[in-house]
Each structure stands twice: as C-alpha cells, then as structure tokens.
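Following: one structure in structure tokens, then a few remarks.
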Amino acid sequence: MTALTTATSTPLVVAFADGDGTMAEILGGKGAGLAQMTRLGLPVPGGFTVTTAACREYLREGHEPEALAGELAAALTRLEETAGRALGDPVDPLLVSVRSGARFSMPGMMETILDVGLTDEVVTAVAARQGARFAWDSYRRLVQMYGRTVLGVDAALFEERLARARADAGVATDQELSATALEEVTSDFRRLLREHAGEDLPQDPREQLHRAVLAVFASWTGDRARRYRAHEGISEDLGTAVNIVQMVFGNRGRRSGSGVCFTRNPATGDPVPYGDYLVDAQGEDVVNGSRRTMDLAELGAREPALHQELIGHLNTLERHYRDVCDVEFTVEEGRLWILQTRVGKRSPAAAFRIACDLHDEGVIDLDEALCRVDGHQLASLLHPGFATDSGEQPVAHGLAASPGAATGRAVFDAVTAMEWGRRGERVVLVRPETSPDDLGGLLAAVAVVTARGGLTSHAAVVARGLGRTCVTGVEGLEVDETGRRAGLPGGLTLAEGDAVSVDGSTGEVFLGSREVVPSACATAIRSWSHLEEGAPYLSHPDPTVRSVGRLLAHADRRRTGGVRANAETPTDARAAREYGAEGIGLARTEHMLLGDRRTLVEQVVTGDERAAALVRIEELARVEFEQILQEMDGLPTVVRLLDPPLHEFLPDLVDLEVHTAVARAGGAPDADAERRLVLVRRWHEQNPMLGLRGVRLLAAVPELVTAQVRALAEAAVSLRARGLDPRPEVMVPLVADVRELTAALTRIRDEVDGVATAHGAALQVPLGVMIELPRAALTSGRLAEEVDFFSFGTNDLTQTTWGMSRDDAETSFLAAYRESGTLATDPFSTLDDVGVGRLIRLSVQEGRLTRPTLGLGVCGEHAGDPDSIHLLLAAGVDYLSCSPPRVPVARLEAGRYAVLSTAGGATGSDTR
Ligand code: PEP
Ligand code: MG
C-alpha cells in the first residue's frame, strides 16, 4: 500500500488507487469498496479517503490532526491531475462529493455533501458548459447541504423555501423548477445561512472541502448515529472515514440517471439482479422514493449496452466478494459510473436461500453457508403469518419489502410510535416515506408501511435489517401527519389508533386485526423428524424452507452442544420434540398448583383437610408427569421442584383485606375470611423474589415438594411397567448454600427410594442444582460434590448479580438506560458476559474440577438468544434449554459456534 503520508503510523489520507477491500478498518466500508472496485478495473470516479484514524483523532482531541490539511492538499492535487480538472477552475471545474463511510454500514445516519467546489464564479462556468438549470440546481443543493451539515441550519427552512418555489411555479417536483427559480432559491438559501448561522457559503472551494470533511467527522456523534450504533452494537470508538469523490451527474437529462441494485433479489434471494433506476436524477432521489423508479429489465430495454455493462460489473463484484453485493451507480450522458458497493443487506428468507445457492454454485462450502445466516434471521422466519382462509380483502397493496405479518394500531409519526411502544402497544408505523430520523419509530413498531419507496428505500432496507414486517410504495396511501390519519384507496380512512394488519411477504395491507398463524418454515420444521435419514426438507417446494432445512441439518451435524427445551405441559413437550429438542432441560412445575388448584395449596398451608389435599395434588401431578415423560420417551426430562414465592399460591392479600373490611363495616364479619386473612398476612413478603421461594419452600411446606417427587417417581415406574423409557431428572432451585442442597437431596432420595421399593423397581434419577444465585456460583466446587448436574438459571442469576428486578427493570429504568446509552443491551435478553458470564465460567471450572463428569446446562432465557449462545457454549456448558419455538434457533447457533470455534475445520458436505 502506498499511502499519501510520510508518517509510519496509520495514514490520514489514502487514494482509491492505493487501497483495497481489506482495509475497511481505516477506509470504512465505502472507502474500501471504492478502492477495491478501482483495483478490479470498474469505472469508479477518482477520489481518496480520509481515514477513520483522522476522525478518531479529531473526536479525541477536539481538533483535526496537524498533518491533515497538508495530506488533503496533496491528495487533491493528485486527484486534479488524474481528473484533468481543478477545483475552483473558472473554465472546467472539478466538483467533488464528501461522503461519510464507517467501518460498519450505518445507512443514512451520517452526513454527505455534494457538489463541493461550486462558487459564484464556478457556477457561471458550469452554466456555460452544462446549462444554467443544471448549474443552479447543483449550487442550491450545495448551499442546502452545506448549510444544514456544516453550519447546522434547520433542514425544514430549506424545504419550506423549496415548497414555496414549487407552489409559485405551479409545479409538483423540484425537477420542474426553472433555472431562474433555482437561482432565486439559491440566493434565498444563502440568506438563510447568513441569518441563522451568521456566515455565507465560503467562496474558496478548498475551505468548503476542508470544513465539509470536519462536519462529516462530527456527524459521527450526532443523535441518530449514536442511537443506531447503540441498537446495532457498533462501538462508539470506531469513527468514520470520509470519501472525497469526483462528482458525476445523473441529473443531466434523459441519457443520465441514478440507480441502486443488488446482484440478487434482496427480499426473496432469487438469483437474478434486482434494482431501481431513475432517469435524470441523483442518488438520493432513488432512495427517498419521491419518484417512481424503473426496474433493471426496463433499463435493459431502454439502454441495452449500458444494462449489459452493469450486469458484467455486478458479476465481477459477486465473484470477488463471494456474496451478494449492492451497488449504487450513476449514468452521466450515457456513461456508467459505479459509486459504491458493499456486501448487500438481505431479508432473512433471502439470506438462507442465497447461502445455499452460493454453495450449490461452488462459491462457498456448507460451513461458510452456515456462517452466512444466523439465529436472528431464523427466528424471524419462524414468526407467524396471517391465516390465509380468512377471506378478508386487502385495502391497499404495496411492495413486499420485508417479510412477516403483524397486526397493530396505526400511528403516523416516530415519536408517537415510541411513546405507544414504550407502554406496551403493538404499533404499525405508517409514513409517506421514512428517513433516518424515523429510526426510533421503526424500532418501536411491529410493522412499517410507507406510501412511497421501493425495495431499496430507507424503510425497506432498515426494516429488513431489523427483521420488521414492511410494505413500501403503497399505491393510493396518503398520509396526513398533522391530521393523524391516512387516506386509503376507495375513499377509506385510517385514523390514529385504528387496528391495521400488514403482510410483508405479499405487500398487502388490511384494516382491522387478523388472525395470525405459524410460519411455513416453523410448520415444515415441526413436520420433519430432524434425526431421520433422507433429508425430508429437500422435497419442500419453497426454496427458502428447503435452504433452512439444509443449513439446520448441517448445524446438527456440526454441533456438539445439546439443545433441550423448557416445557412443562404435554403439549409443550410435543412441540419441543417436533422442533428438534433432545430432552427437557427445565420443566417448571408451579403451573400444576395454580388456577383452581390454588385452594389445594391453601388447604395444605392451613392444615384444613391437608392429607386429602396432598393426595389430590400428588395424583394430579402424577398424571401430568406421566404424559410429559411419555412425550419425551427415551429423552432426559429435568423436573424442577416448586420455585415461586409461597404467597403466589395463596389468595390475594388486598382482595381479602377489602372483603373483610366491607363485611365488618356491614356489621356481618366473615369469620372464614378473617381466618384466611391472618394466614395470608403471615406469609406476605415485601420482597418476595428474595424471599420464601425455591429450595426454601422445603422449610415451610415440605409436603408439597415431596408430593411432587413421589408423583414423578410414580409416573416413571408406571411408564417403565408399560415398556417405555422415561428418563426423569430432578433439580433444586434457588440454592445459595450446600446445606440447603443436601437437606433437599436427602428428602428427594428418600422419596424416590420409597417409591422404587414399594414397586420393587430400580429407579435412577439424576439430581441437579440450579445455579441462579451468585453464592451458588461462587461455591460451585462444594455444590458439585453433591449433584450430577448444574443448570444455570440465568434469569435469576442476572437479577441477583445485577441486583435489578427482572419484572420491573425494563419499565422502571432499563429502557431509559438504553436510550441514553448507559447500557447498550438489556442483560436479561443478552448475557452480560463480563459479570454474569464470569460467574458462569467460574462455576463451570470449579464444578468440573470437583466432578469431571458434572453435566452442565443453561435454562434461562439466554439459552435461546443468538447473541448469548456462543458465550454460553464458550463457557463450557453441555446443553442449552430454551422455549420450544427457539429450539431451531439454538440448534443453528450451536452449529455455527462449532464451525466458528474450530477455525479451519473440515469442509461440510450436504446430504444430497
Ligand atoms: C432462571 O432463573 O433462569 C430460571 C430458568 O428459572 P425461572 O425463570 O423459572 O426463575
Ligand atoms: Mg429462576
């Protein structure tokens, strides 16, 4: 690499010709793409990149690096030489764009300034060579972008002025404004700069360039960029690069235009290039969806040679990157220029299809194909859709921009979406089009609908990335933001708060709520016996479902981590097995004592008819355990002893207090209720989550717990007698001290032995302890002496390690923490590796040191979270246990973990 710097450290400026695609860390994604395309011989305009190192220094020190001005000047001179034009030249001037471009794509989150180099003198030269309208349109764009980005003038002021110009001229689009009108607009824009920022556009093009670069640096710390990084988990420290590129113009008449395209369809994965092209327009006109675009086939019919050249470049890029690429291009008077490329974002459905297709085309092996998809994408494919036979007719149609189906209440602005979302409403964000300012609303919504925009519009790209259902370009949709309503085709109206249903797979919009049904993918997965030979998924008619099956099967071949389910009813157990679970890692037993059965618990606690109540409880539990064990025949089933605070099984304190007070006031006290009130008060706790729950219940109501154990043992014996292979295991929750554990284990063993002896049967029931308190983790060596396995209850372990309530933290302060950036992620969703993860690692090490054969599972929510699974498996756990629908996600991620953690592992082969 020859960098335009004499320093030995990271260069501040690198010419496109001197970089390549591997240098994204310092050139940013866009800069590295431009450099690589230059290397591949693609028609890229000349330019250079100011590196992320320069930006980082600027952000750190509060001023630019000393050497930057000199390096910029040298790079500019070199560009002027290769372009044969000079910045500020009064006859044949060079104009440049100044574009942000960070290491990780942050679409639209930072700033871009076009047409840098135009001045009062230069605009006359441009007018003479390229026409007055074009010259003044470019100049007004520069003043507008410079004013907004460099000088911080409110963007709405420019838009208002433009709207006035359109109204005065009686035209609908900026494109129809005359040169004279644009000249007036430009001078009014400059007045806005002077009035609101106290300065005008500099008439020295080098100063324009320099200040534009610094403004792009500064946009790294803008609100929307920060919010995007917090959501995407992009580090604050990276900084952005800035690309200075010779301007090419798509707005120079009918033989010019701009387009955005993908080497394959980003929504379906169809292996044909997909794109939008707009005649006589610049790039932002394509993505903001303000005009109807043509597709690549239409472009081909109109400009066959150009289309062929474009397709050739798309092939070159896909071959080089070995993946789908997206490309921004401009045609200037018939000449094609490629302005940007990167590996393209795609919908989850497309991701699976593309990964398998690339494997079939010999581009990547199956291991790599598996690593090209992830659990988040699979999870979104398992989302339900609408019932197809409802007979309801859509009220509007648009483009199927991001698949899935959702019902929610309509809102028309991002702020309302966020407010309603925060209070737990499911909202559908309906907008004319979206911009980066709408990100908060997109995040809060279950679906997004826009009146304008194609598959590459902002709404479509962002929704796909977030896995939100999205329909764009809805014909006849007219959003009245201030009136909080929207007009629909056929004179229908949608008001704020109305229920609306959106199908992102078909592009249909319905009024009212619709019944939601499981996804085709989920249904298919459940119908395959994943352990069966013959790969039933290969005959599925839907290519996405087929691809999911192939990659899931490959993940199963690769993974060593086991996947079980959290299931506590026979129905859940069946679903778990269908989704591919290899056992139950957590059967919570409390539901067996809730509902109508609460009175039985009350009877045990009060002593009223205690013996009969216990017999009934045991009998009910035995029947249910038998059904569950039968569903899981031959597979381990870990039953957890009763866990929740005792008061949850007793009548509600407030209800009883009100009832007894009313009775007393009426002069007819209810003696029975008074007696129950005493009991309920006796067990009432201020802080029940840290109170009488888990193993501690054995101290208060041992009979309840031992009844559960007997029921389980009886169920196993009975199934065994019928020739089945039940494999029950028992675990003890919320243990802090080994003495609590040994006391519980003694009781459990006694009960199991008692049942076995009574039936003359031998019963092996492995025993385990949940590690869900820091003290348990810290004393794991000692606990491991007593048990066969540990199961990490990461929900409680997170709650007690952080000292924050798992039930209240989100609404009380976590959401605000995330918004302010104090905490980027919710530790209850994604494992806090530094704190909770450290406790798990310590527990694994000490437990295994004491007992090398110790089984290790995880049964908290984190076991189904793609971002946590790799951390848990890396900590050394044997299996993950998550809710049944998450089982395929855990299987996929465990397979990916196996591939990624054995770099250089053998190439996979498909079963075909
Ligand atoms: C846990 O705490 O992680 C756990 C699995 O138990 P529960 O969620 O039932 O408290
Ligand atoms: Mg728990």
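On a predicted model such as this, the values are computed, not experimentally measured, just so you know. Every number for a ligand or one of its atoms is a count from 1 in the order of the listing. Numbering of residues begins at 1 and proceeds along the displayed sequence. Values below: all heavy atoms of this structure, side chains included; hydrogens, waters and symmetry mates excluded.
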- Query: With a 4.0 Å cut-off on heavy atoms, is E861 touching ligand 1?
  - Reply: no
- Message: Looking at ligand 1, would M770 count as a contact under a 4.0 Å heavy-atom criterion?
- Response: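 Contact check M770 vs ligand 1: positive.
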- Test the R423-W420 pair against the cation-pi criterion, namely NZ or CZ under 6.0 angstrom from the six-membered ring centroid and within 45° of the ring axis.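 Relative to the ring axis of W420, which defines the angle, R423 lies inside both limits.
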Can we say [X] and [Y] salt-bridge, meaning some charged N sits less than 4.0 Å from an Asp/Glu carboxylate O?
{"X": "R622", "Y": "E714", "answer": "no"}
{"X": "D655", "Y": "R676", "answer": "no"}
{"X": "R727", "Y": "D725", "answer": "yes"}
{"X": "R598", "Y": "E602", "answer": "no"}

Is [X] touching ligand 1 with its side chain, its backbone, both, or neither, if touching means heavy atoms under 4.0 Å apart?
{"X": "L586", "answer": "side chain"}
{"X": "R640", "answer": "side chain"}
{"X": "L797", "answer": "neither"}

- Message: Tell me whether G793 has any N or O atom under 3.5 angstrom from an N or O of ligand 1.
- Response: yes
- Item | Contact (N/O only, under 3.5 Å) between T794 and ligand 1 | yes
- Note on the structure: For atom 5 (C) of ligand 1, the closest protein heavy atom turns out to be C859 O, 3.4 Å
- Item | Which residue and heavy atom of the protein sit nearest atom 9 (O) of ligand 1, plus the separation | R588 NE, 2.6 Å
- In E772, what N, O or S atom is nearest to the Mg ion (ligand 2), if we give its atom name?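 Result: OE1.
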- Note on the structure: Atom name of the N, O or S atom of D796 nearest to the Mg ion (ligand 2) is OD2
- Message: Check whether R896 reaches the backbone of A555 with its side chain - one donor and one acceptor, N or O, closer than 3.5 Å.
- Response: no
- Query: Is the number of heavy atoms from other residues, nucleotides or ligands under 6.0 Å of R610 CZ greater than 12?
  - Reply: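 Yes, CZ of R610 has more than 12 neighbouring heavy atoms, counting only those of other groups under 6.0 Å.
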- Query: Any N/O/S atom, backbone or side chain, of D643 lying under 2.8 Å from the Mg ion (ligand 2)?
  - Reply: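 Coordinating: no.
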- So among R559, R848, R564, which one has a salt bridge (Lys or Arg N to Asp or Glu O under 4.0 Å) with D878?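 With D878 as partner, R559, R848, R564 yield a single salt bridge (Lys or Arg N to Asp or Glu O under 4.0 Å), made by R848.
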